[in-house]
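Below, chains carry the letters A, B, ... as their sequence lines are ordered, and counting in each starts from 1. All figures in this text were calculated on a predicted structure; none of them were measured in a lab.
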Amino acid sequence: MIDMHVTLPGGLHPLTLNNPVMTASGTFGYGVEFTPYGDLTRLGGIVVKGLSLAPRRGNPMPRVAETPCGMLNAVGLQNDGVEYFVRTTLPKLPWREVPIVANLYACDPGEFGELAAVLAAEEGVAALEVNISCPNVKEGGVIFGQDPRQAAKVTEAVKMRAGSKPVIVKLSPNVTDIAHMARAVEDAGADVLSCINTLTGMGVDINTRKPLLANVVGGLSGPAIKPVALRCVWQVAKAVSIPVIGIGGITSAEDVLEFLLVGAHAVQVGTANFIRPDFVFRLVDELAALCERMGIEQWDDFRGTLKV
Amino acid sequence: MIDMHVTLPGGLHPLTLNNPVMTASGTFGYGVEFTPYGDLTRLGGIVVKGLSLAPRRGNPMPRVAETPCGMLNAVGLQNDGVEYFVRTTLPKLPWREVPIVANLYACDPGEFGELAAVLAAEEGVAALEVNISCPNVKEGGVIFGQDPRQAAKVTEAVKMRAGSKPVIVKLSPNVTDIAHMARAVEDAGADVLSCINTLTGMGVDINTRKPLLANVVGGLSGPAIKPVALRCVWQVAKAVSIPVIGIGGITSAEDVLEFLLVGAHAVQVGTANFIRPDFVFRLVDELAALCERMGIEQWDDFRGTLKV
Amino acid sequence: MNTPACTDLTVLDLVPFGQTGGEARFFALRLERPQWADWKPGQFVMLRPAGWALDMLWARPFSICRISARDLVIFFQVVGRGTARLAQLRTGDVVHVWGPLGNAFAMEPDTPTLMLAGGIGIAPFIGYAHTHPKPWNLWMDFGHRMPLGCYPFESINEKIMADSHHEEGPEDLSRFIETMGRRMREFRDQNGLVLACGPTPFLRTVRSFALEYGVRTQLSLETRMACGVGACLGCVCRTTEQWPDPARAGGNVQTCTQGPVFWAEQITFDDETAAPPTAADAPVQACER
Amino acid sequence: MNTPACTDLTVLDLVPFGQTGGEARFFALRLERPQWADWKPGQFVMLRPAGWALDMLWARPFSICRISARDLVIFFQVVGRGTARLAQLRTGDVVHVWGPLGNAFAMEPDTPTLMLAGGIGIAPFIGYAHTHPKPWNLWMDFGHRMPLGCYPFESINEKIMADSHHEEGPEDLSRFIETMGRRMREFRDQNGLVLACGPTPFLRTVRSFALEYGVRTQLSLETRMACGVGACLGCVCRTTEQWPDPARAGGNVQTCTQGPVFWAEQITFDDETAAPPTAADAPVQACER
Ligand SMILES: Cc1cc2nc3c(=O)[nH]c(=O)nc-3n(C[C@H](O)[C@H](O)[C@H](O)COP(=O)(O)OP(=O)(O)OC[C@H]3O[C@@H](n4cnc5c(N)ncnc54)[C@H](O)[C@@H]3O)c2cc1C
Ligand SMILES: Cc1cc2nc3c(=O)[nH]c(=O)nc-3n(C[C@H](O)[C@H](O)[C@H](O)COP(=O)(O)OP(=O)(O)OC[C@H]3O[C@@H](n4cnc5c(N)ncnc54)[C@H](O)[C@@H]3O)c2cc1C
Ligand SMILES: Cc1cc2nc3c(=O)[nH]c(=O)nc-3n(C[C@H](O)[C@H](O)[C@H](O)COP(=O)(O)O)c2cc1C
Ligand SMILES: Cc1cc2nc3c(=O)[nH]c(=O)nc-3n(C[C@H](O)[C@H](O)[C@H](O)COP(=O)(O)O)c2cc1C
Ligand code: FES
Ligand code: FES
């Protein structure tokens, strides 16, 4: 039987997960919403909904729409703010048994640094994940994650204040060259990369002649994007020497292994949590069973062994 | 009843289609393959498989793989060369009744120009569509369609030799800013834009540990990418003043109207041709019926009327 | 509130309702009984047949009509792709079901209570009428566009005082809206309670009457839902300053966990200020989604 | 060649074959008869049930077993997602079918003809055996891994001389390969014809014997197909210098339109040069895909 634990190597602060299956930010609430449906401590790790310094009301409705094998969302980072999270939510989470990763959302590097400082002080936070798919309001609204220089700045700002917490930078697929972005962020000090965030997409209703999302454009996620995500993870894993967490369209144990095969150390499951709320708990079991069946005895024997 | 014809305005050489439904390059062969399944002259237009100067054998097998609501392909532009096409295939096509659009594939601007010159001389060719999703071998293999400067060069090279044929430039979605690409190509003289080409994706087999495509990465198409395609068409149509042809994941008359709603003048149907070979013929009928049902009497009344 | 659970339930049967020739669009779906400790009328379940391909990822929310010793019953109308596929379920098929979800309607046995239902919004009231300990304190006004036989109206009418209002044209609609206003004033005068469920334009009308006449009113919202458990933030509605938790007053709360039942004055319909409710605004779609 | 057409056909029935307890994995699918003028053994159809969601876009190719006055029959094995879904078809379901597609096996009534079938590769030979005007000139060797009852072997065995070879271990496989070699030499000595259909490792073995012994041999390839009509270029195989059209010799041709039946010397299996066929190479998978 395989030991399911995974350690993401990374200089001073390796992050050890119970298994390679984490939940993706924004799709698993703060974890507490899922306690009726499974035992949180059986997960590899939990990435909570994006946190900002001040509470945010988020975008107007409608915010979500179903698409073929996927969905669009433009929630707009509604959250109660980082203070509320550390005060009220974090204490309810079994953070000694399962790594809790805080996902950071801000609109300029300074804010990112402040957020990191607040979270770095929390014992219950295992790592920080930096969402760079947000606009830099101070620099004309360009998306951090679409400009290597800006992405590097954010990474540095977070690293500076993150203390001993590993810093994961979450890459956007909406770029010409994701390997280039990955290297820029690695050079700026990221300990781990996660990819991908959503693809920019759109839906419309021909009867009302209105967009399906009040925000007009939104993020595409779900099985539809899995081929793009696999390609990104493969390109990124080849380009950097820090560990990579694969995200995008995972709905089965086979999908998890596909991401490991192209070089990911772990994965995050997002949209699939909406298929049924106990989805990710079942997935952990299925993954163990699949490894058994396939004779995989160590993650190291399998990870990145794609024959090209 | 709506008059289904569409004219793509464009300076000297407007292109008139029987209706807005064309077939997309590489998914409808040279048209002749589909004569048992429908009357080609009922289509809006036919874009043939990509043509290169010399015959190309294409990529090794496997070249295609099914993905959730989509597929990957890395055919590698197998074709018999432009001479064979104009000599043997074009005469078999009912080009007086349905516009035949030649799709051009080359590896440097000079070759693109030569291709354009050969095709410009052919009465049976209604327009040229330039596939810029190919690597510029002379410039280190960067994809033309991912660099505005290179894309502009190709556009100019084709325009120079295209004579009176309208030049359609087909944009790649694998870029950070597609509107920027669109403007570069418009400025370089493109008469029409079509978008999108496939998203770069990948698939792997965890049992064999091999990629699903011999080429490792390939192009993702089909309903999965429709939200990305709609977003691209919307962004491009806002950015330029030349007409846009929408492509990506169309499988119903409703989908066609969605692309028109965000600003497209016409559409191309690709992967859906594999659902069944008479697919696109039925789609033309369904589109007419849907317009009737919705009371759309002129394309101009509907196109680009999205309420944002 | 009872703890929800996610289970696989087998379809016992799917019974079309009010078939008028043509394709059936109204169904009672009977599933085997889940092992839930308790539920309350107004709560709902998320349903996703095990056999659905991944082209349609989300489950769909439906009010619980009844949970008996033998079965869980929901009642649904085909309005789109998901409900069309639900209509293809066959006996023996397996459905993923999670629930009971959300809060519930206030149940005040001694308070005269008026249920206002629009179209398929009648569904949660079946359970309400059947579990109410003093049904003589219950009344219903039901507006519908399709023939009455399409809806499970009889099962309510036999328990309590219920009136139905068939909307066949714009005049019927204005008349129904008038009736609702009059009835809501009557219930205010009796210190009564009003409960409403139906499409949004209908709820908007009820809400504005509630505020105008000052009658205690609850609305059950029908929002698009992806997760049903409070995680995706796709189903939110906007609260007013009356919202009990000041931190979220004027903010957004999840309909699936904080609702689907809300006190009329504690939430607002985003576009309400833009377009005050009129007969022309609540219109043809009032009782059909 | 007859012109293909695309039609919607109703499922008459789906009959599991050789059920040995457990889940059935072999089926005869009977569809209502299409209005096709003609077809030839070796040709195939593309099948896509009308009810399939778009998560699986492609149809799947299957050999035509028979077209009678009443029905079109195909025989299939569940090997993956598509065939698993086909196994859920029920009487009355509608299937999009296009065909007859591709070329056909050479039919030379007076030539002694040996059919070599691996596993489900037996399917096209059912029609061949049943339409051959002089069945006494036909022989078959059939290699299979699953119990014989899983395959429609009896319907061939009752018409012609057929031997079956059950592969239960590596020795069985080497013995079967030896037999094939011996039989191919026998047919060469009679100026005979060899026709083969089965999985690629099996065809590779047959091809190398064909070249080695110099016996006229046709291979029916099983390639993944997206369109079936020659448009997608996803199903190509590599031709040799023997290919009749010099412009395409050494190039790629579509298996769906130029095949699926090819003369052994006119095509090559890409990786053949890398790995010469041995018993270890044609192996366990030989008769199952
Ligand atoms: C708490 C709750 C309880 C409900 N109870 C019932 C019930 O008992 N019986 C019943 O028939 N329906 C009920 N609904 C509505 C039901 O969930 C929707 O009709 C269904 O989800 C539509 O799915 P679809 O795929 O068929 O429609 P889609 O194809 O997704 O959409 C068709 C139309 O319905 C609208 N729509 C989509 N989802 C919803 C939704 N969740 N609510 C309202 N409109 C929607 C769309 O905007 C569109 O106009 C309830 C909804 C909620 C939130
Ligand atoms: C001309 C022709 C005639 C055929 N006739 C028959 C027949 O009569 N009966 C029958 O059972 N099968 C036949 N096949 C094979 C059949 O088409 C495949 O088994 C089927 O397409 C697999 O689909 P799937 O979705 O179940 O498998 P997938 O999930 O797509 O794949 C499962 C496994 O099968 C392999 N595979 C996928 N597609 C094909 C394919 N087209 N050919 C070979 N392997 C494939 C995959 O690589 C994978 O290893 C024929 C194939 C061709 C090309
Ligand atoms: C409703 C929703 C909300 C999301 N919110 C966030 C977020 O707050 N921060 C973030 O980094 N990613 C967010 N994401 C992106 C996911 O974490 C994930 O990267 C993406 O959905 C792709 O994975 P999937 O295909 O498994 O869903 C969100 C995704 C969805 C669907
Ligand atoms: C098998 C295949 C081959 C293709 N070949 C070409 C090509 O030769 N030239 C080109 O410009 N686009 C080519 N494309 C891209 C399509 O024309 C189209 O842009 C893309 O598939 C998106 O549309 P769809 O989702 O409707 O398929 C090809 C696509 C497929 C699936
Ligand atoms: S449906 Fe996801 S938060 Fe309510
Ligand atoms: S299957 Fe498309 S070319 Fe053969």
Side-chain angles (χ1 to χ4, degrees), chain A residues 65 67-72 143 146-147 172-177 181 199-212 216-220 222-235 249 251 253-262 290 294 296 302 305-308, chain B residues 65 67-72 143 146-147 172-177 181 199-212 216-220 222-235 249 251 253-262 290 294 296 302 305-308:
Chain A
T67 68
C69 284
M71 64 175 280
L72 286 164
I143 308 290
Q146 292 187 327
D147 176 350
S172 163
N174 301 300
V175 295
T176 305
D177 184 351
M181 290 293 316
L199 287 164
T200 311
M202 177 175 175
V204 297
D205 181 325
I206 56 172
N207 294 304
T208 62
R209 300 197 187 182
K210 288 204 279 195
L212 295 183
V216 186
V217 299
L220 181 65
I225 70 167
K226 197 187 70 172
V228 174
L230 275 173
R231 184 263 300 172
C232 288
V233 171
W234 184 67
Q235 290 177 332
T251 60
E254 285 78 8
D255 290 343
V256 175
L257 290 187
E258 290 178 7
F259 278 88
L260 300 193
L261 186 59
V262 300
L290 180 61
M294 288 179 61
I296 300 173
F302 188 78
T305 60
L306 185 73
K307 300 176 196 154
V308 287
Chain B
T67 68
C69 284
M71 64 175 280
L72 287 164
I143 308 291
Q146 292 187 327
D147 175 351
S172 163
N174 303 300
V175 294
T176 305
D177 184 352
M181 290 293 315
L199 285 164
T200 311
M202 176 174 178
V204 297
D205 181 326
I206 55 171
N207 294 304
T208 62
R209 301 197 186 181
K210 287 205 277 195
L212 295 182
V216 187
V217 298
L220 181 66
I225 70 166
K226 196 187 71 173
V228 175
L230 275 173
R231 184 264 301 175
C232 288
V233 171
W234 183 66
Q235 290 178 332
T251 61
E254 285 78 8
D255 290 343
V256 175
L257 289 188
E258 290 179 6
F259 278 88
L260 300 194
L261 187 58
V262 300
L290 180 61
M294 288 179 61
I296 300 172
F302 188 77
T305 59
L306 185 73
K307 299 176 197 157
V308 288

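In this structure, the portion of B/L199 lying under 4.5 Å from any heavy atom of chain A is its side chain and not its backbone. Both the backbone and the side chain of A/V175 have a heavy atom closer than 4.5 Å to some heavy atom of chain B. Within the 4.5 angstrom heavy-atom criterion, only side-chain atoms of A/T67, from C-beta onward, approach chain B. Only the backbone of B/D205 comes within contact range of chain A, with at least one heavy atom under 4.5 Å from a heavy atom of that chain. Of the two parts of B/T208, only the backbone, made up of N, CA, C and O, holds a non-hydrogen atom closer than 4.5 Å to a non-hydrogen atom of chain A. Heavy atoms closer than 4.5 Å to chain A are found in both the backbone and the side chain of B/V228. Using a 4.5 Å cut-off between heavy atoms, A/L220 contacts chain B through its side chain alone, with no backbone atom that close. Contact annotation for A/L72: only side-chain heavy atoms (C-beta onward) come within less than 4.5 Å of a heavy atom of chain B. If you measure heavy-atom distances from A/V233 to chain B, you find no contacts under 4.5 Å at all.
By number of non-hydrogen pairs under 4.5 angstrom with chain A, the leading residue of B/R231, B/K226, B/K210 is B/R231. Your options are B/A229, B/A224, B/G70, and the one with the most heavy-atom pairs under 4.5 Å with chain A is B/A224. With chain B as the partner, the residue from A/T200, A/L260, A/V216 showing the most heavy-atom pairs under 4.5 Å is A/T200.
Under the side chain to side chain donor-acceptor pair (under 3.5 Å) criterion, A/S172 pairs with A/N174, sequence neighbours left out. Partners of B/L261 by side chain to side chain contact (heavy atoms under 4.5 Å, CB included), not counting sequence neighbours, listed by chain and number: A/V204, A/I206, A/R209, B/F302, B/T305, B/L306.
A distance of 9.5 Å separates CG in B/N207 from CG in A/L257, rounded to the nearest 0.5 Å.
Taking every heavy atom of both residues into account, B/G203 and A/L230 meet most closely at CA-CD1, 4.2 Å. Summarising the geometry of B/K307 relative to A/P211, their closest heavy-atom pair is O-CD, 3.2 Å, with the distance given to 0.1 Å.
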